Structures are given as C-alpha cells and as structure tokens.
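Beneath this line is the structure, given in structure tokens, with notes to follow.
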Amino acid sequence: MESKTYDYIIVGAGSAGCVLANRLSANPGVSVLLMEAGGSDRSIFIQMPSALSYPMNMSRFNWEFLSNAEPGLNDRQIICPRGKVLGGTSSINGMVYVRGNACDFDQWETLGAKGWNYASCLPYFKKAETWFKGGDEYRGSDGPLATNNGNDMQNPLYQAFIQAGVEAGYSYTADYNGYQQEGFGPMHMTVKDGVRWSSYNAYIKPVRDRKNLTIIRNATTHKILIEDCVAKGVRYQVRKQSRDIKANREVILCAGAVGSPHLLQVSGIGPQAVLKSAGVELIHDLSGVGENLHDHLEVFFQFRCKEPITLNGELGLWQKFLIGARWLLTKKGLGATNHFESCAFIRSKAGIKWPDIQYHFLPAAISYDGSSAFEGHGLQVHVGPNKPKSRGYLRIKSGEISEKPELQFNYNQHEDDREAFRACIRLTREILNQPAMARYCDGEIQPGINVITDDEIDAWVREKAESAYHTTGTCKMGSVDDQMAVVDHQCRVRGIRNLRVVDSSIFPEITNGNLNGPTIMVAERAADIILGKEMLPLSDAPAFVHPDWETSQR
C-alpha cells in the first residue's frame with residue numbers, strides 16, 4: 001500500500017473543490033491534492049451549453065443516485081443526478097446562476113452559522129465572478145466565474161413572459177442577483193464565450209500547471225483515515241489498486257450533499273444507530289450526518305404555442321447537427337445557451353419577507369432531461385416553492401463506498417409545501433393568461449384546465465413533480481448548541497480535528513434559487529478561513545425587502 005503526503009487533500013473536483021484547489025495552491029509554500037472519482041470533461045456534451053441534458057443522463061458523468069419510494073409523490077423514486085467528472089455537478093447542471101436572496105444568508109446566521117450573513121457573503125460572490133456588464137457594489141468584475149445573459153433573449157417569448165409578469169402586477173428586476181431579487185427579468189448563466197463555464201474551466205484549467213497542485217482523476221475515495229479523532233489522510237482506489245495518502249494539515253470533503261455525508265458515514269462518523277445497522281465501526285457519534293436532507297421540487301407548466309417560434313422546431317437530427325456544427329465552428333447560436341434566459345422570483349402571498357416561488361422560462365415544451373417533447377410547438381415554465389419544509393435523510397447500507405446510500409427526501413410531506421404548490425399553479429395560470437402571453441399561448445398541455453381544486457392540484461403534483469436537483473443540508477453548519485450541526489462556522493467537522501466539509505451539504509437551509517452560485521461562494525469564503533487570511537470587508541450594499549412586509553412589522 002503506497003503512502004504519499006500533501007498539505008491539503010481535497011476530495012471532489014466539483015463546484016467547491018475546484019475553488020479550494022485554486023485558492024489554496026496560490027500559496028507556493030503548500031502542496032494541494034485534488035481528487036476526483038470521475039474522469040475528463042472533454043466532451044462536446046459537457047462543453048456545449050445547449051447539450052446539458054446529455055451528460056446528466058450518462059453514467060460516465062453521473063453518479064445516478066435514486067431516492068427511495070417517496071410517499072408524497074405517489075411512491076415514485078426520484079432521480080438525483082450528481083456529477084462524476086472534473087467540474088462535478090457544475091459540468092452536468094443547467095448552468096443557471098442564482099445567488100439566492102439576501103435574507104437567505106441572514107437566516108443562515110440566525111440558524112447558527114456565525115458570520116455567514118449577507119454582508120459577509122456578498123464580497124465573496126463578487127470575488128468569484130466576472131459579470132459581463134462589469135462590476136458594481138453587487139457584481140464582480142475580475143473573478144474566475146463568468147456570468148452573462150446567454151443570447152440576450154432573442155426569442156420573443158422570453159420578453160413576453162417578463163411582460164406578462166409585469167401585467168399581472170409583479171415588479172420588473174433588471175438584476176435578480178443584485179439589489180432586488182423579487183420580480184421578473186433576464187436569467188443569468190455560467191457560460192463564457194459560448195462554452196459551459198464549469199468550476200473546472202473557471203478555477204482549475206488556468207492554474208493546473210502549478211507545481212504544488214496535483215490532480216488525480218478516476219480515483220474513488222473509500223474512507224477518511226482517522227487516528228485519535230484526527231483526520232490523517234484518505235484511502236482511495238485507482239485502477240483497482242488501493243492506496244493511502246496522508247495530509248499534513250487537513251482533509252477537506254467537497255463531494256457534495258450526497259458524497260460528503262456518505263464518505264463520513266462509511267468512515268465511522270455519523271449517527272451511531274445508522275453505522276451499527278450498516279456494520280461500520282463507530283469512530284465519532286455525530287447525529288446530524290445525513291440528516292436535514294432537502295431539495296427543491298418543481299413542476300412544468302406547458303402551453304401550446306400559436307406561432308412556430310419555439311425550440312420544438314429544432315429537435316430533429318438535421319437541426320441538431322446544424323446547431324452543433326455552428327457551435328463547433330463559432331461557439332455561437334442556439335448551442336451557446338442553456339435556453340433559460342428569463343425567469344422570476346415572486347412571493348406566494350403578501351406579507352412574506354422574501355420570495356418563495358421561482359420560475360425558469362423555456363421556449364419549448366420538453367422534459368428537463370430531453371427524453372420526451374411535445375409534438376408541435378410549445379412553451380413551458382418550471383415553477384416550484386423555494387423554501388420547502390419537508391426534510392429527509394441519507395443513510396449508508398454498508399461500509400462499502402461502492403454501495404449507493406439510501407436517500408429519503410420525504411418530498412411534499414409537509415402541509416405547507418402542498419399549500420405552496422397550490423399557490424404555484426394558480427399564480428402561474430394568472431400570469432400566463434396575461435395579454436403578453438395570451439397572444440402566443442394556445443391552451444394548456446399540462447396540468448390541463450380540469451386541474452382546478454386543491455385535491456386535483458395535489459394529485460397532479462404528486463404525479464408530475466420532479467426534483468430541481470438542488471440537494472442540500474446533509475452536513476449542516478450550526479452552533480455548538482445545535483446537536484444536529486455537523487460543521488461549525490469555519491466548516492470544521494465537530495469532534496474531528498483537521499477535517500472540514502465545504503460544499504452544499506453544509507447549508508443550514510436551502511437558498512432561494514439554484515445552488516451552484518452559493519456553493520462557489522461558500523468555497524471562496526472557506527478558502528480564506530482555511531488559510532487564516534483576513535476576511536473581506538463587510539458589504540454595506542442594501543437589499544430589497546417588499547414594502548408590505550416592512551409595513552406589517554410596524
């Protein structure tokens with residue numbers, strides 16, 4: 001068994017791991033090892049933004065996790081794709097860039113994540129980013145992560161959706177990642193010069209020749225090596241050979257909301273009863289590992305389109321060939337966007353402090369994974385409640401990392417979540433029947449005009465709702481008084497020295513939107529914490545809160 005030594009061992013080359021590998025290795029005096037179970041990201045299906053449905057459905061790039069039967073969804077098993085490739089899930093996701101609402105991070109602090117409020121986090125969002133319009137008090141101008149508006153909403157349906165929202169009485173927001181998240185406006189994506197700008201493209205490719213940075217791919221980490229409650233390194237397998245690597249300073253888990261708790265549990269860190277049931281020797285009883293599992297759930301609202309202007313007309317083999325050929329030659333055209341170019345964040349009712357419903361608009365009627373499409377021209381809106389209260393768990397079945405863990409999300413089990421979906425359906429109908437959209441919409445494909453009552457809506461959601469692939473919370477950050485907290489405010493695993501978790505698993509509560517952006521921010525901030533650097537100065541940029549909430553507090 002071979003033994004090597006590095007200062008920092010980072011497990012997982014995904015959204016967080018690539019950030020940490022870049023920032024830690026910027027100090028030439030330390031050695032950094034970045035480990036990834038997957039392989040190369042050199043595939044047109046990964047790099048071409050419009051091909052996003054392909055890597056998500058390829059076992060070569062996806063761990064292909066599957067939930068238990070979900071009682072709140074007619075006992076359906078829900079797919080949970082996670083990236084197994086350089087760049088991790090940022091190499092197979094939809095590339096949507098949403099930071100979340102300012103109130104999300106203030107909420108984190110109230111839940112015990114000391115120092116993770118909006119004023120502290122905003123500078124790290126800015127540090128990570130280069131916004132194509134230039135920097136300001138909210139947006140970054142010289143960070144590795146490129147963000148933009150795609151093809152600038154050339155299809156008229158994007159603007160029609162935004163206008164319909166305004167006609168329905170909602171506000172317009174020019175930048176939902178800036179001062180005001182609430183409202184209808186353009187959607188942002190992590191694409192640069194027509195190419196998916198994954199965390200690997202953004203953070204590792206420019207620095208991969210650093211002498212103090214080693215990258216090992218196709219290496220599956222089997223366990224964390226722990227002696228006397230100190231993380232000493234990891235055991236991994238590559239080419240069927242088992243090897244040990246020692247860490248002089250720290251082991252940092254960046255394997256995601258499924259991978260990180262899974263690895264902790266098979267290493268003997270987690271709830272005593274779970275480990276005993278799986279036949280794993282208990283090293284440290286940590287009740288919260290794998291608990292607090294939650295996710296965003298969404299449904300697709302689909303309409304027929306009166307005009308032949310949707311992407312449903314571009315799904316033939318010849319059309320796809322032309323799109324791909326143009327992208328290969330120029331990195332432009334329909335291949336250079338994820339097609340989610342307008343969106344909205346609204347409140348389900350007055351008196352709520354920040355939005356709790358999110359919309360992704362798509363000028364096509366097609367399943368998210370591309371497996372089925374409406375025959376004819378159609379359009380759709382992805383909609384779902386952004387602050388779910390249902391919680392589940394992740395539990396290992398054995399001590400073998402190769403055996404996938406049990407995932408039970410308990411989707412749609414909380415009555416508040418079911419009520420929120422009823423609001424989603426009724427508010428969406430109201431929006432899509434405004435004049436701006438009425439000129440294009442030609443009847444519902446789904447849910448259909450007969451889905452009206454609470455019971456009918458509930459039944460349709462149970463049958464049709466799908467994951468938005470925003471898994472989080474399984475190693476949550478919290479205070480010493482929180483017995484379910486797995487890491488402290490410095491991302492250190494409670495009770496084990498020299499071990500941290502830095503990824504979306506540590507979110508105490510899911511943010512109001514897609515998770516790639518906040519995961520990268522968390523890693524940027526964690527890098528300064530790990531290096532012992534002075535934290536970036538607090539931001540004093542204000543954030544929008546709806547006037548009716550402020551009035552209700554007087």
Side-chain angles (χ1 to χ4, degrees), residues 65-80 98 100-101 103-104 107-108 110-111 181-182 257-258 290-301 343-360 368 381-394 407-431 446-447 451-474 476 484 504-505 507-515 518 549:
F65 295 112
L66 191 66
S67 80
N68 288 346
E70 293 289 346
L73 300 179
N74 289 349
D75 290 327
R76 290 185 290 132
Q77 290 185 278
I78 304 301
I79 60 172
C80 179
V98 181
N101 192 279
C103 295
D104 291 328
Q107 182 187 44
W108 280 12
T110 66
L111 293 172
Q181 183 190 49
E182 185 170 348
V258 175
E291 300 299 312
N292 192 44
L293 174 64
H294 56 299
D295 183 20
H296 286 141
L297 201 62
E298 65 181 11
V299 292
F300 303 162
F301 222 108
C343 67
F345 297 85
I346 67 171
R347 296 175 306 145
S348 58
K349 55 187 175 183
I352 296 176
K353 188 174 183 180
W354 69 100
D356 60 340
I357 292 176
Q358 179 180 4
Y359 291 101
H360 299 66
Y368 188 81
V381 178
H382 298 219
V383 59
N386 261 1
K387 303 301 283 186
K389 294 184 178 179
S390 299
R391 294 291 185 270
Y393 56 80
L394 175 152
L407 297 176
Q408 184 72 61
F409 286 89
N410 290 324
Y411 289 119
N412 211 34
Q413 291 285 73
H414 198 289
E415 173 58 26
D416 287 357
D417 295 347
R418 296 191 289 273
E419 182 181 343
F421 264 114
R422 295 168 200 147
C424 286
I425 301 305
R426 292 180 173 125
L427 293 174
T428 303
R429 277 202 176 113
E430 181 180 291
I431 292 163
Q446 65 172 32
V451 178
I452 299 173
T453 68
D454 286 358
D455 287 346
E456 290 165 345
I457 292 172
D458 290 350
W460 184 74
V461 170
R462 286 195 302 270
E463 180 185 357
K464 295 293 187 180
E466 299 181 11
S467 169
Y469 311 141
H470 300 163
T471 309
T472 189
T474 46
K476 77 168 184 173
M484 299 305 291
S504 65
S505 71
F507 293 11
E509 170 89 11
I510 200 165
T511 51
N512 202 35
N514 309 62
L515 300 192
W549 183 84

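For clarity, every value in this text was computed on a predicted model and none was experimentally measured.
Counting heavy atoms from C-beta outward, R429 and P447 have side chains that approach closer than 4.5 Å. The closest side-chain heavy-atom distance from L515 to Y469 is not below 4.5 Å. In this structure, F345 and V98 have side chains that are in contact, with non-hydrogen atoms separated by less than 4.5 Å.
Not a single ring pair (Phe, Tyr, Trp, His ring centres under 6.0 Å) links W354 to another residue, sequence neighbours left out. Remark: F421 pairs with no residue by the ring pair (Phe, Tyr, Trp, His ring centres under 6.0 Å) rule, at least two apart or across chains. Residues passing the ring pair (Phe, Tyr, Trp, His ring centres under 6.0 Å) test with H470, sequence neighbours excluded: H296.
For the pair S504 (side chain) and T472 (backbone), a donor-acceptor distance under 3.5 Å is absent. Without hydrogens or angle criteria, D417 side chain to K389 main chain gives a donor-acceptor distance under 3.5 Å. No donor-acceptor distance shorter than 3.5 angstrom exists from the side chain of S390 to the backbone of Y411, with no hydrogens or angles considered. Using modelled atom types, no side-chain atom of R347 and backbone atom of K353 make a donor-acceptor pair closer than 3.5 Å. No donor-acceptor distance shorter than 3.5 angstrom exists from the side chain of N68 to the backbone of Q408, with no hydrogens or angles considered. Remark: the backbone N or O of E466 is not paired with any side-chain donor or acceptor of R76 at under 3.5 angstrom. Without hydrogens or angle criteria, Q181 side chain to I346 main chain gives no donor-acceptor distance under 3.5 Å. A donor-acceptor contact shorter than 3.5 Å is absent between the side chain of H360 and the backbone of Q358. Checking side-chain atoms of Q77 against main-chain N and O of S67 turns up a donor-acceptor pair under 3.5 Å. Put simply, the side chain of Q413 never gets that close to the backbone of P71: no donor and acceptor are under 3.5 Å apart.
The pair R391-E509 meets the salt-bridge criterion, with a side-chain N (NZ, NE, NH1 or NH2) lying under 4.0 Å from an Asp/Glu carboxylate O. Using a cutoff of 4.0 Å between basic side-chain nitrogens and carboxylate oxygens, R422 and E419 are not scored as salt-bridged. Taking 4.0 Å as the cut-off between side-chain N and carboxylate O, R426 and E456 do not count as a salt-bridged pair.
The one candidate from T511, D104, D416 that meets the side-chain hydrogen bond (donor to acceptor under 3.5 Å, both in side chains) condition with K387 is D104.
Between C424 and G384, the shortest heavy-atom distance links the atoms SG-C, 3.8 Å.
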*Kindly determine whether I357 and V383 satisfy side-chain contact (heavy atoms from CB on, under 4.5 Å), including the steps that lead there.*
CA-CA 7 Å; I357 292 176; V383 59; 3.7 Å; yes
